[in-house]
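What you are looking at is a predicted structure, and each value in this text was computed from that prediction instead of being measured.
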Amino acid sequence: DLPGGRMGCQAAALSLPADGGAARLGSDRLCIVVVGGERCIPLTSDFPPPRVQQFASVPVFDVVEGAWVPPERAPVPPLPSPRTAVALCVGAGRVATPPAEKKR
């Protein structure tokens, strides 16, 4: 179970380094990375409506160990701002800035 629980999140299975170092293609640990989501904190009355807490944290579950990776050792940084909705795309490759177009 995910500590604290969350709903509306996305998850992806990734191979990440076991030592908390930089991720690289063919890393050695199968992990589940959970991104985004929220928790509804119910109140005791109908008004005001329940409070919603959005998450910026990115919990990582180490499938080999069968345990959650402590946040201080997680190989994935938190989101820049809390959010519920996210989209994930997983694939081999790299992220780069496209070259500037030449003036004609």
[Y] side chain reached by [X] side chain, heavy atoms, under 4.5 Å:
X	Y	answer
Pro82	Gln53	no
Val34	Val58	no
Cys9	Phe55	no

To check you understand the geometry: which heavy-atom pair defines the closest contact between Ala74 and Val60, and what is its length? CB-CG2, 4.3 Å
Measure across Ile32 and Ala11 and return the closest heavy-atom pair with its distance rounded to 0.1 Å.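 For Ile32 and Ala11, the tightest heavy-atom pair comes out as CG2-CB, 4.1 Å.
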Qualifying residue for side chain to side chain contact (heavy atoms under 4.5 Å, CB included) with Pro75, from Leu14, Val33, Leu16: Leu16
What I want to check is whether the side chains of Thr84 and Arg39 have a donor and an acceptor closer together than 3.5 Å. no
According to a 4.5 Å side-chain heavy-atom criterion applied to Ile, Leu, Val, Met, Phe, Trp and Tyr, with indirect links allowed, do Leu79 and Val69 form part of one hydrophobic cluster? yes
Can you check whether Gly37's main-chain N or O pairs, donor with acceptor, with Arg83's side chain at less than 3.5 Å? no
Given side chain to side chain contact (heavy atoms under 4.5 Å, CB included), test Met7 with Cys40 step by step and report yes or no. CA-CA 9 Å; Met7 61 184 183; Cys40 184; 4.0 Å; yes
Distance check, rounded to the nearest 0.5 Å: Glu65 atom CD versus Leu30 atom CG?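 Atom-to-atom, Glu65:CD and Leu30:CG are 12.5 Å apart.
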